[in-house]
Each structure stands twice: as C-alpha cells, then as structure tokens.
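So you know, we letter chains A, B, ... as the sequences are listed, proteins then strands, and number each from 1. Only a predicted model underlies this, so the values are computations on that prediction, with no experimental measurement involved.
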Number of protein chains: 4
Amino acid sequence: MKALRYFGPRDIRCDSMDDPTLQSDRDVIVQMEACSICGSDLHIYHGHGFSTDVGFCVGHEAVGEVVETGRAVQRLKVGDKVMMPAAVGCGACRSCLAGNVIHCEFGAGACYGLSAKLQGVQAEAFRVPAADMNAVKIPEGVSAEQALMMTDALSTAWFGARNADIRPGASVAVIGLGPIGLMAVDSAFVMGAHVVYAIDPVEERRELARQSGAIALSPDEAVDVIREATRGRKVDCVIEAVGLDATVDLALRLVTRRGTVSVIGVQQSRRYAFPLERAFAAGLTFRIGTCSVPEELPALFPLVQSGRLRPERYISHRLPLDAGAEAYRMFEAREAGVIKTVLTRP
Amino acid sequence: MKALRYFGPRDIRCDSMDDPTLQSDRDVIVQMEACSICGSDLHIYHGHGFSTDVGFCVGHEAVGEVVETGRAVQRLKVGDKVMMPAAVGCGACRSCLAGNVIHCEFGAGACYGLSAKLQGVQAEAFRVPAADMNAVKIPEGVSAEQALMMTDALSTAWFGARNADIRPGASVAVIGLGPIGLMAVDSAFVMGAHVVYAIDPVEERRELARQSGAIALSPDEAVDVIREATRGRKVDCVIEAVGLDATVDLALRLVTRRGTVSVIGVQQSRRYAFPLERAFAAGLTFRIGTCSVPEELPALFPLVQSGRLRPERYISHRLPLDAGAEAYRMFEAREAGVIKTVLTRP
Amino acid sequence: MKALRYFGPRDIRCDSMDDPTLQSDRDVIVQMEACSICGSDLHIYHGHGFSTDVGFCVGHEAVGEVVETGRAVQRLKVGDKVMMPAAVGCGACRSCLAGNVIHCEFGAGACYGLSAKLQGVQAEAFRVPAADMNAVKIPEGVSAEQALMMTDALSTAWFGARNADIRPGASVAVIGLGPIGLMAVDSAFVMGAHVVYAIDPVEERRELARQSGAIALSPDEAVDVIREATRGRKVDCVIEAVGLDATVDLALRLVTRRGTVSVIGVQQSRRYAFPLERAFAAGLTFRIGTCSVPEELPALFPLVQSGRLRPERYISHRLPLDAGAEAYRMFEAREAGVIKTVLTRP
Amino acid sequence: MKALRYFGPRDIRCDSMDDPTLQSDRDVIVQMEACSICGSDLHIYHGHGFSTDVGFCVGHEAVGEVVETGRAVQRLKVGDKVMMPAAVGCGACRSCLAGNVIHCEFGAGACYGLSAKLQGVQAEAFRVPAADMNAVKIPEGVSAEQALMMTDALSTAWFGARNADIRPGASVAVIGLGPIGLMAVDSAFVMGAHVVYAIDPVEERRELARQSGAIALSPDEAVDVIREATRGRKVDCVIEAVGLDATVDLALRLVTRRGTVSVIGVQQSRRYAFPLERAFAAGLTFRIGTCSVPEELPALFPLVQSGRLRPERYISHRLPLDAGAEAYRMFEAREAGVIKTVLTRP
C-alpha cells in the first residue's frame, strides 16, 4: 500500500509500505478514507520527533472503514465507518475505562505515527489497537470530514474552552488562530461567551475569526485594546493555543481577577518564568493539558449534527495522499490560505 | 399624576392619583419612562389578587429616572436611569445581601402593585423602597426597553434555563411560548443547546420560536415527534413556562433518564399528582421556583449589550399609559399578535 | 448446590438447586462468600415481586470468588475476589460504558433474583452475566463484608447524599434509619454536614444514628424540633430513605428555601399529591432515583479503606445460608436488633 | 490608649497613641477584646512593609465591641460584638457588594496596620471604615477566640482547601503547618478527604497535624513516602501554605494527573520556574490567591458552632497587649510551641 513515511528532516513522502496486519485479536484494520495534517506533525517533519526510527508512517488524524477485525473485538464489524481519536489507550485500565485515554496507565501518550512502534494513519490502511476503545463509529448526521476534525483538533479546542471555565455571559480571549484556536473561538460562543477576542499575527486567520463573530486583534495591540474595551477589567477566560512562553505570558496579562487561563498549546518549556506574585494578587486559575477525545464526543456529536459547530469550515485544502510531500511543504511554509489540509485515499 | 388603578374585576383604567412621596430616607421616587404588562398582572385583572383593596395602582415592571432620593440612599442620585427588579427586598437581611430578594427574611414575595401597601409602577411615577437594593442603574449599552424586559421576564426565562441544567450540547424542550417561554428558547441556545423544541398551541407564537431556531410543536404532537426525533431517548432538559398540572405532566413525559425539569410557570396547584414511581425509575431532577432578578443581571447585561440576547424583539405593542385599559383588554383577550405590551409615559 | 428459593408468599427457604453454568462466553461463575438481605427483597417475600415464577433463587447482594470464566472475559480470572453491583447491565451500550448500568439501554433495571430469568445470589454459587461490567474486583484494604455493603446499600446511601447537594457546612435531615438511612447519615458527615437530624420511629435505630453524631428524632417531633433548632429556617438538604408518600411529605416540610430533597426510598406511588404551590414559593430542587453502583465506587473505596466510612458497623446478624428462612422471618418481623443480616457460605 | 506601634525593624512595642475617631459617618469605633499576630505581620516586623511610615499601629486580626457608630451605619449598634475581616473594602463597588472585598475596585488589598493610612487593630481600640461591610456580628455559639481565628487564618485555610477541588474521597497533601496549614488539614477532612499528608520540617507542628488525623511527613521524605503509599499515583489535591518557590515546586511534584494545586502561601516570586511541559502532560489545575473572608463565613460559622472545626485549638499563647513586644520576639524566633499568639485587652 501507499503511505506517508518519514525518511529524515523535511523528508516525508508517499511511498510503498507493507499492508498492516492484526497483531492482537483486539485490533482492527481500517481502510483510510481521509486523514489530515496536525501542527504537531511538524515536530516530526522538522526531525524533532520522539524516535530515531526512519521509514515509519506518520499521522494521527484519520477516518475510514473497518476492513478486518480481531476475534475479541466486540463493538465493531467490517464495514463500520469509524474515526480514530488521536491518542491510543489500552482500553482496560481504570483511566481508559473512564474515557481518559491520554492518561492510560499502560501507555500514557501513545499516539499513531511517532515511531515504528505504532504506525501512523496517513496511509491507505492502518492498524488500530484495542479497537473497541480506539475506534469510534461515526454517528449518522456527521460527515467523514467533520469526524476527521473531531479526531483531534475540534476536541482539543472544545476541551480548551471547557478548561477556561466559560460561563454564559463570559468574556473570552483566544491566543493563536490555527485550526484549534479558530475552533476554540466557535466553542466559546457555543458556551455562551458574549465577546471573544481572537489574537494572531496573521491577518488572514484573524479574518476567519471575524467571520465567526470574534473581535480580531494582533498580539501587539491585544493588551491595550482589551484593557480599553473592558475599562481595565480584562477578560474572564483566556485560551492559549500556541505553546510558547510569550503567549502564556500574554494570556496571564489578559485575564481578569479571579479569571481562568486555559493552556492547550503544546508546551515544551521546563522553566517558564511564572509571575506568582501577580497571579496571587489576582486570584487566578491556570489550567493546562490536552484532551482525551472520547470524553468530548458526547457533547460534540450533537453540536456538529445540528450545525452549531461546523469544523469542516476550516479545511482549506483537499489533496490526494500521494501529494503528501507537497502538502507537508505547504503547511510548513505557512503558505497563504493553508489552515487545515486533508489528504484523501487516491 | 396618572396611574393604572384597579377598581374591580376587568376594571383597570388610567385615572388620577396622588403623587408618590418618600416614606423612608432609604426610598427614592422614580419617574416612569416605560412599564409593561406581565402575565401575572392578569390575576389581579381577573379579581384574583391577594388583596381586597380597591383603587390601588398596579404593575411591577418598569424603568425610569430617579427624581428624588431619601437621605440614606447611597448609590443613586437624581437623574440616574434605573430599572426595578419586580420583587422587592428589605436590602439588609442575609438573603437580600446575598442578592436573593425573593426570599427576603422580612418581606418574602413583596411586589409592587398587589395592594395599596406598595403601589404599582404602571404610573407616571412611583416610590421604590430600600432603593439601594431595589433600583439598579441601567448600564451603558442597554436600552430602556431592554432593561424593562430584564426587570422580570428575561430574568425569569434565563433563571428557568439555568435551573434546567443546560450544558453545551444538550437537547431542550420549552413548554409555553409567552414572552418568558420565548426568551427561554433564546437562553437555551445561548447556553449551548444543540436543539430546542418549542411547544405551544398558538401557531403565531410557534412561528416566533422558529425564528429563534427552535423546532416548534403543538402540545398534541410534542410527545410523539420528540420521541421519534430522539429515537425514544427524549430530551435532557425541559422548561415548563405555563403553570398548569397538564404542562407539568407534559414536562415529565418529555424528559430523558437523568434529565432535569425546570418549572417556572407560576404554580397554584397544591396537590399535583406526581408520578413518583416513574420519576424514581428515570432518576430525575425536578426544580421549581422563580428568580431573584439581581442574581441574573451580571450574566444578562453583557449578553444583551453584545446582542446575543435581544429581548426587545418580543415587544409587540407600544401604547401610551392612558391607553392602559385597552392594553389590558387586548392582553386578556389574547388578541392576535399580542406578545408583550409596553406602556410609555404620555 | 444450596440456594434460597422463593416458593410463594412468606416462603423463601434454603433448598437444593442445579449448579449455575456459563450461558455466554462473557459470563463468570462466582462462588458466594457472603450475601445479604435487602429491604427490597421483602417485596418478593411478600409475594409482590415482578414475576409469577416459583422456585427461583432470590437475592442481589453478594461477594465471592470467581471459579469459572467465559472465553471473552478480559478483566477477571479464576480466584479473583469480587463484589457484584446489584443492578446488571449489558456492558456494551452507551449507558453501561459510561458506568450507568441502571439505565442500560438493553436491560434497564435488570437485577438478580427477581425471576427465573436471572437467578439470585443468595446461593452457594451464581452466574454473573457480562462479567467484565458486572463483577468488580475487591481492592486491597476492603474486607468482604465491607464490599458486600457496597454492592447496594452503602452505594445507594452515598448517592442519596450526593443527590441532596450536601456542601460542607450544610444542615441535613435523613428520614428513615434502615441500613441505607443510617449510612446516609454517615455519608452526610463525610460530605461536611455540620448537623444531621436522623428521623425514625424506632428508638433502637435512632440510637445507632446518635452514635454516628446525629440528632435523632421521631417523625412526630421532627418538624417542631427542627423548626425551633433552626429558628424557622429548616434544613438545607433532606434525604428520604423510606419510600412512602408520608415521608416524602415530611421531607418537603423540612427543607429550607432553595434547599434540596433527595428521594432514594423505593417509590411505588403513581400520583403523589405534590405541593407545587409551596415548592414554587420556596424554590426547591427535588431529586429522585437510585444509584448505579459502579459510579459510586471510586469515591467509596478510599473512604472505606481509610476507615472514614465503616459500613460493616450496621451488620447486626451473621447466619449460615441454610438459616435463610429464619433470617427472612426475623427481618420481616422487624425483630429487635435486626439491621442488616449477612448470610455466609455454610 | 495603648497600641502596638512600629518604630523600625524588629521594634514593635506597646506605646501610647491617640484614641481613634470617626472619620466618616460610615465608620465605627471598636474596643478590642482580642487580637492576634499573623505570619504576614512579620514582614512589617522585619522592616519589609509597604510603607516608610513610622509609629503607626500594626495588626489586622481582631474582635471586639462597637463603642461608637457613624450616622450612616445601618447594621451595627453600640454594644455589638464584632469580628473584622482582615481585608477592607469600600462596601459599595460591584466586587464588595458581591462579598469579594479583596478585589474592591477602589481599595484592592487595603488592610489594617500597613501604614498610618489605616491604623492597625493591635490596640485598645480602632476605627473600622465602611463598617456595614467591614465588621461582622459574631453569631451566637461562636466564641470571641473562634471569631478571631476566622478573621483571617481559618478563612484562608478553608478557601485554600476549596480552591484545591477537594471532593469527598479525595487524597490531599498540605505543605506548611503553620496555623493556616494546620487548619487546612482540618478543612480537608471536613470536605471529605480520605487521607491528608501534612508536610513540615518541624516535628512539633507535624505532631499537631497527626492529632487531626493526618499522616505527617518532613519535606525530605514527602515525595518518596507519598509515591509509595499511592503506588506512584500521588495525590488529588495539594495545598501550598508557605509561599516559597521550593514549596510550590514540591506541590507540583506531589499532585497526580488531572489533580489540583492550590497556592495560598503569600507569594513574592515574580519569575518562578514553572515546569510547563510536565504540567501539560499531567493535565493540571494550578489555582492561586487569597480569600475574601466574608465569602467563607456562611459555611464556617455553622461548622465552628457545631464543633466540626475547632480553630481555637491552635492558639498556643495568650498574652496581654502590653506584652506585645515580647510576643513578636517569640513569634519571630519561632520559639518552641508558638503556633498562634493572642493578645488581649489589658
């Protein structure tokens, strides 16, 4: 089969690969219908992945159809249309049984496409381990592209908004307007925000946020404009969707007394200079982490089915799988207009 | 001055009356700018009020301007534009200080316009007792008519939706589409409902709910349509905004397992035949009561200022105060098109 | 094997019965170590069960050891010490996967020992269907008797206290001091109640509540004493653990404004005369239903392990299984000193 | 009158001072009955206060009797026994009216005894501004010493425990066993903690925590012992009651995935090296700030009245006001046995 494989920094390309096979009777094989590229895939593209492996298949966002099932699989059958939450759990530990796969006691952080250990999903087909846990049937009224957006990006955005303690009537700021930030804007409105300030240096992305009803600002002007608009009060809830010290700093400057900062940008800082004294005076909640997709789906499915959330709006490019090398290049170059790129079965 | 006075069943009319005067140094006098007629005013109109008094001024929903203040008033001054929450508290007991005026320890349920004891607000001017508590300055960006809708109807609708435990993604039904029910539909959407079923026998009211995005149903069809649409699951949250045993019954038939019924329709039943056995099997929450307006305003003000809630949409008629008799007649006759009637200073 | 079988009203006795066998590869067979008699077993004893079957084995509270497992069982093995939550779910539907077995979409209310369809657990051995869901390993530090109390009674008591919205500092009343009511008293204290009024007509049971720190009252004196002690305010939270209209009535008379009534007594009333008018004025929450045991265990296990909850205190009698007929007779006669009776493997 | 006055670093002593007088008709004068020394008083003692004033009266924890009232005071009269929350609000802004005096829009952080602007309460008498807000009548059943402990220390401890998201059944660690930390241990148990690890380098303080039921540990052993006792899981909730980078670090090392760290120790760090990467992986809530005393009292009063919280246990010394210099010296020297020192009217 064909698959996008990592051969070294900035060298991910579509190449032949052995077809996936069942390795346990709890696995299924899924034929990919669509997959997408996530910001975190760029870490691997840049050669900063967690593995020294070469040649493995990348990607962790996909939907498709079950084509083979292990004997112990109970809830899936051949022909089922499924989406794969990005993080993979064992399906049997206390965390997984509670829906919290990212803190699986036996494989915390396990994810497709990080090494040869668990091949990625940017391929014509792929193996899903502990499939009763890790493959979710796409319900009626949810399109394949919508489900694809829920495997990671929309779920993370929604979780980030939940973590920000958004109450109906709240004021919200979102820092970083990639697909996740843009969907965090939409999520904040669904949760009842009366205003959302959307902050990003790129005008094109700010324009998308404006179309969702946000007040769009560049990082340079954000503090001054928000202070003035709120008469110094600042905002109740801030969602940081970038992952840099500077944006965490900005979040802490924008939040009001007794407000909440929710950090969902992937963080690599080990010694961020946190202003404890100021936070103590303001009385803040600082919440940080990423989502377990299965926990978010019960709320997201009906919101997508009813059209209140329309994640497919942020798909900017649709290319065949064998254009994967070009897709990665465009994404990495932040070419104009690239928000979310979907790759389809050739 | 002129005032709408109650002279007997179906005889409320505009007549002369003594100007109001301060009775305590914590009072203020307010010159009415606009007032409105509430469904509960009809109890008095029908002669079922709580008092045998005759000649008193009616009404409890009004906005206006402070024209005189008692010496102990601290937070208001002449010229302030104010709205008056419908229920009146002492402003000093533990309940009032916590914002819960309807359970004021010294005057629970006190309300304008029920008897000669506290004259109503459908008059050119009126007295507001304990005014630091009972008159609220209208913030910038809120119109007089919007504030008027918040004195009672919108606050009650919002409270009813809060009481229904609406979470983002929930399914909701609202029974009864008077102004409060219609604003409960809007409130449910602001709180993140993915669908709202709006139920009323009058097509004209259903059409207003449809314009808000609801699926409108007659009471006859509601159970069947909702069961089918939800595949037997029924809805997470039901708001009852009528006040009859039959509508409470309908609410309990529409709610899903572990769902919540919120009753805000004014109840007069002392022995409603509650289906305990069925409720026990389903595991329900049944919440009932009315709102303390001051508690709802911190969320409502920004939502109205930002246009996410537009209560003024439900004002169907604007008449001068001296057309009050006609306004009551039309309202009581449920004439076509009458939703909310506002009376203005002549 | 020996089992307690129902042969007609007031005729439950220990008799021979075929050994249980696996009926699905998801089942396990458990050898009983201890089982107990629940108040709801008396419905069957009185001939008011849900079935016309005769000869079936009764009982739904048991602990024991796995002695045989179906091939598809993943999380249990022979030799495991297990407790069986009283309600049985399919283990695969959306409700079960969320831990809510009592609203299992395919078998809501399924329970051991109600008919020949699913034999009871008051036997030397019994079959557990969908065992990965319906049998829970007893963790270290929890005794067999403690686990037995958690299969139904303690979990229900804890759930009832949770449903009563008990916040630290709350005042609480518990109506009905059977084992569940007594453990609701203890649960209320663990949740931070500053006072618990414990109400029952039987002095012996009141004495047990006193030993837990409660103020014990007879139903006759409860309203007056509580009104006086609270200066008319009444209590924040009431737990009804009886299941009669009269005790629901008492609960609604004892609860303060904005308080919560939690009904966990099994209800058979279809037309309870609910005082809507009074409840509307007070602004109440009325919550009713029973627990899904697996949802309560994450909080209960550590509280029992640490000794903060000691459910074994309410075991008043320990008899061998073959004294079952006598045990039922004593329990039904409400003989002095009978609180909870445990039957052990002979 | 006599008062404890600050004359320079390590020079606080009892000296004569002008009697306090009303400065606004919203003030009252209180005759001190008892006052106490807080850890934050040491900042002033060390000469690190916020003011260059000399000669001002210190202290912010006191109870006493109203002896004079301004004309606009509505809720207090001469003879009332009152406690003074440590932070002082204007009593009229939106924050104050909501009970949040520490974020008073016109005087955030205002406190007695920091400068000559608002004299302290370690004196025979003192002035209370905006007294309807800033003096609270001591309810029946609460002793003067208990009320004194609630003016700051117990309220802060309780708030810190609330901020830690303690649910019944939770595991908790408290770092720092001064009076606030010790009362945080007690608060955690009232909120339903099944275990509390109490951490301090001083054995004498650990012994007090043990008497409350905690497992007491030195900072050196805490990480290892807790990891082992919880099988690597660590604790759900951590309360930091010291205010150093090292103790915040320890808190972040002790908290489990999805757990909460609550920081109540007064923080002066502007650039604490926060381990964002680790916190992101664990999915943490980090909450920091101090309490507004009036918000905590509705829960605390009944808990103290009923004896579930006994803050007076931590009063180790009772001295007359004119022994104030010695009291400060002992406190600063951390002399054996000194936990909380109360100074009484001579």
Side-chain angles (χ1 to χ4, degrees), chain B residues 87 93-95 98-100 102-105 108-109 156 159-160 163-165 231-233 240 243-245 247-249 251-252 255-292 295, chain C residues 87 93-95 98-100 102-105 108-109 156 159-160 163-165 231-233 240 243-245 247-249 251-252 255-292 295:
Chain B
C93 72
R94 188 169 53 167
S95 283
N100 178 7
I102 53 166
H103 295 132
C104 170
E105 293 171 10
T156 301
F159 167 84
N163 260 5
D165 293 329
R231 302 185 176 187
R233 206 180 157 269
E240 194 276 349
L244 299 174
D245 284 14
T247 45
V248 174
D249 250 349
L252 286 166
V255 73
T256 191
R257 290 164 176 172
R258 296 200 173 177
T260 299
V261 168
S262 164
V263 173
I264 50 173
V266 178
Q267 298 295 323
Q268 302 193 296
S269 180
R270 296 188 182 182
R271 300 179 60 78
Y272 164 66
F274 197 102
L276 285 183
E277 184 185 37
R278 185 152 48 86
F280 182 79
L284 299 185
T285 295
F286 181 82
R287 203 172 271 122
I288 179 167
T290 194
C291 79
S292 176
E295 293 178 325
Chain C
C93 72
R94 189 169 53 170
S95 283
N100 178 8
I102 54 165
H103 295 132
C104 169
E105 294 171 10
T156 301
F159 167 84
N163 260 6
D165 295 329
R231 303 184 175 186
R233 205 181 158 270
E240 194 275 351
L244 299 174
D245 284 14
T247 45
V248 174
D249 250 349
L252 285 166
V255 72
T256 191
R257 289 163 176 172
R258 295 197 173 181
T260 299
V261 168
S262 164
V263 172
I264 49 172
V266 178
Q267 299 293 324
Q268 302 192 295
S269 180
R270 295 186 185 183
R271 299 181 60 80
Y272 165 65
F274 197 103
L276 284 183
E277 185 185 39
R278 184 152 49 85
F280 182 79
L284 300 185
T285 296
F286 181 81
R287 204 172 270 123
I288 179 168
T290 194
C291 79
S292 176
E295 294 178 325

Engineer: To check you understand the geometry: which heavy-atom pair defines the closest contact between C/G283 and B/H103, and what is its length?
Structural biologist: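 Taking C/G283 first and B/H103 second, the nearest heavy atoms are N-NE2, 4.4 Å.
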Engineer: Name the option with the most non-hydrogen atom pairs under 4.5 Å to chain C; the candidates are B/V248, B/N163, B/N100.
Structural biologist: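 Top option by heavy-atom pairs under 4.5 Å: B/N100.
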Engineer: In terms of heavy-atom pairs under 4.5 Å with chain C, which of B/V263, B/I264, B/V266 leads?
Structural biologist: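 Looking at each option in turn, the highest pair count goes to B/V266.
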Engineer: Identify which part of B/D245 has an atom lying under 4.5 Å from any heavy atom of chain C, answering side chain, backbone, both or neither.
Structural biologist: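 The side chain, not the backbone.
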Engineer: Side chains of C/R287 and B/R287: does their closest heavy-atom pair fall under 4.5 Å?
Structural biologist: yes
Engineer: What is the minimum heavy-atom distance between B/F286 and C/L276, and which atoms define it?
Structural biologist: CZ-CD2, 3.8 Å
Engineer: Sort out for me which of B/Q268, B/R233, B/R271 touches chain C most, counting heavy-atom pairs under 4.5 Å.
Structural biologist: B/R271
Engineer: Let me know if B/R270 has heavy atoms under 4.5 Å from chain C in its side chain, its backbone, both or neither.
Structural biologist: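 The answer is both parts of B/R270.
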Engineer: Could you check which of C/T285, C/T290, C/V261 has the highest count of heavy-atom pairs closer than 4.5 Å to chain B?
Structural biologist: C/T285
Engineer: What I'd like to find out is whether the side chain of B/S95 reaches to under 4.5 Å of the side chain of C/R258, using heavy atoms alone.
Structural biologist: no
Engineer: Heavy-atom pairs under 4.5 Å with chain B are the metric here; pick the option from C/G243, C/S262, C/P275 that has the most.
Structural biologist: C/P275
